[in-house]
Amino acid sequence: MDAMEMWSRVDQYITEKLIPHDTVLEQVLSANRQAGLPPYDVSAAQGKLLQLFVRMQNAKRILEIGTLGGYSTIWMARALPADGRLVTLELDPRHAEVAQANVSLAQVEGVVELRVGNALEQLARLEEEGTAPFDLIFIDADKPNNPGYLKWALRFSRPGTIIIGDNVIRGGEIIDEASTDPRVNGVREFYDLLAQEDRISATAIQTVGSKGYDGFVLGVVNG
Ligand SMILES: C[S@@+](CC[C@H](N)C(=O)[O-])C[C@H]1O[C@@H](n2cnc3c(N)ncnc32)[C@H](O)[C@@H]1O
Ligand SMILES: [Mg+2]
């Protein structure tokens, strides 16, 4: 068995043991594949981890940058109270259309606000609207813009806000200083900003599983 197959089988074992079958989430993933969306949704185990972070944080306000078909959105939205809010930003109207249908299927449309358009523009609009700080921010869109997303995330934070950045290991490519991949370079700049920034305390965790070898940044905004 090669490493990738082992990681997938272990993910399957974890999912079978700890994550009960959920027809809605399964329908969401199959709707995403049927609509031809790229398979960049988080795994079930990662979706549940996001949901646990929402619960640990007692979050009421969540910002997600990068919706795709709303799979991670639904995992997190389900842990919000009825008066909670999850604002999710998506550039591609086709992805957004699929996501909106999935959000309705999961009956979380009362807490989810899906905004279609370039995230950097949407973030500027949110500021103009005087949006309240968020308790948890999940950055999972186009990686070259990660530095910009981190700057906005800090503006929309309060002491104690959790900031999570997905796909920050990229099969280990992030240590390649000579990389010409704009996603790798965006992620490397994201680390540089985190390193310089004393408003946030952060770490990064490498992960393996059905999505291969990758990982996430986890940070807490300082008081
Ligand atoms: C990795 S996927 C999101 C996966 C989703 N969070 C999940 O786990 O189910 C990234 C999404 O970001 C969107 N995206 C790319 N560039 C963007 C931009 N500039 N503004 C907003 N969304 C963008 C893509 O269209 C894609 O749907
Ligand atoms: Mg991701």
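All values below were derived from every heavy atom in this structure, side-chain atoms included, with hydrogens, water molecules and symmetry-related copies excluded. We count ligands from 1, going down the list as the structure has it; atoms in each ligand are counted the same way. All values reported here derive from a predicted model rather than from experimental measurement.
- A salt bridge links Arg78 with Asp22; the closest basic N to acidic carboxylate O contact falls under 4.0 Å.
- Of all the heavy atoms of Asn167, none lies under 4.0 Å from any atom of ligand 1, so neither backbone nor side chain is involved.
- The closest heavy-atom contact to atom 7 (C) of ligand 1, among the options Gly117, Ser72, Pro144, comes from Ser72.
- Residue contacts with ligand 1, taken as heavy atom pairs separated by less than 4.0 Å, do not involve Trp75 at all.
- The minimum heavy-atom distance linking Ser72 with Val42 is given by the pair CB-CG2, 3.9 Å.
- If you check which protein heavy atom lies closest to atom 4 (C) of ligand 1, you get Asp140 OD2, 3.3 Å.
- Between Phe138 and ligand 1, no pair of N/O atoms sits closer than 3.5 Å.
- Looking at Val28, Asp142, Asp41, Leu50 and measuring to atom 16 (N) of ligand 1, the nearest heavy atom belongs to Asp142.
- Close contacts between ligand 1 and Glu64 involve ligand atoms 6 (N) [criterion: under 4.0 Å to a heavy atom].
- Counting protein heavy atoms only, atom 22 (N) of ligand 1 is closest to Leu91 N, 3.1 Å.
- At least one N/O/S atom of Asn167, whether from backbone or side chain, sits less than 2.8 Å from the Mg ion (ligand 2).
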Begin from the C-alpha positions of Val98 and Arg94 and carry the test side-chain contact (heavy atoms from CB on, under 4.5 Å) through to its verdict. CA-CA 6 Å; Val98 176; Arg94 215 168 42 89; 5.6 Å; no
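- Checking only distances, Gly70 never comes within under 3.5 Å of ligand 1, N or O to N or O.
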Should Arg170 and Asp176 be marked as a salt bridge (Lys or Arg N to Asp or Glu O under 4.0 Å) after you check the CA-CA gap, both sets of side-chain angles, and the distance that decides it? CA-CA 11 Å; Arg170 316 204 66 79; Asp176 179 5; over 6 Å; no
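- Counting heavy atoms under 4.0 Å from ligand 1, residue Gln122 does not touch it at all.
- Taking 2.8 Å as the threshold, Asp166 counts as a candidate ligand of the Mg ion (ligand 2), since one of its N, O or S atoms lies below it.
- Under a 4.0 Å criterion applied to the non-hydrogen atoms of Tyr149, ligand 1 contributes the atoms 18 (C), 19 (N), 20 (N).
- For ligand 1 and Val42, the ligand atoms under 4.0 Å from any heavy atom of the residue are 7 (C), 8 (O), 9 (O).
- A donor atom on one side chain and an acceptor atom on the other are found under 3.5 Å apart for Thr131 and Arg61.
- Salt bridge present: Arg115 and Glu129 bring a charged side-chain N and a carboxylate O closer than 4.0 Å.
- A donor-acceptor pair is defined here as one N or O able to donate and one able to accept, closer than 3.5 Å; no such pair exists between the side chain of Asn145 and the backbone of Gly148.
- Per residue Asp140, closest N, O or S atom to the Mg ion (ligand 2): atom name OD1.
- Polar contact check, Glu90 against ligand 1: a nitrogen or oxygen pair lies under 3.5 Å apart.
- The shortest N or O to N or O distance between His95 and ligand 1 is under 3.5 Å.
- For OH of Tyr40, the number of neighbouring non-hydrogen atoms (other residues, nucleotides, ligands) closer than 6.0 Å is 12 at most.
- Of all heavy-atom pairs between Ser179 and Asn185, the closest is O-ND2, 3.1 Å.
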Start with the C-alpha distance between Tyr71 and Asn102, add both sets of side-chain angles, then the distance that settles side-chain contact (heavy atoms from CB on, under 4.5 Å), and finish with yes or no. CA-CA 8 Å; Tyr71 184 71; Asn102 287 334; over 6 Å; no
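- For atom 20 (N) of ligand 1, the nearest protein heavy atom (residue, atom name, distance) is Ala119 N, 2.8 Å.
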What verdict does the side-chain contact (heavy atoms from CB on, under 4.5 Å) test give for Ile65 and Trp152, after you've listed the backbone C-alpha separation in whole Å, the side-chain angles of each residue and the deciding distance to 0.1 Å? CA-CA 11 Å; Ile65 307 176; Trp152 277 108; 5.8 Å; no
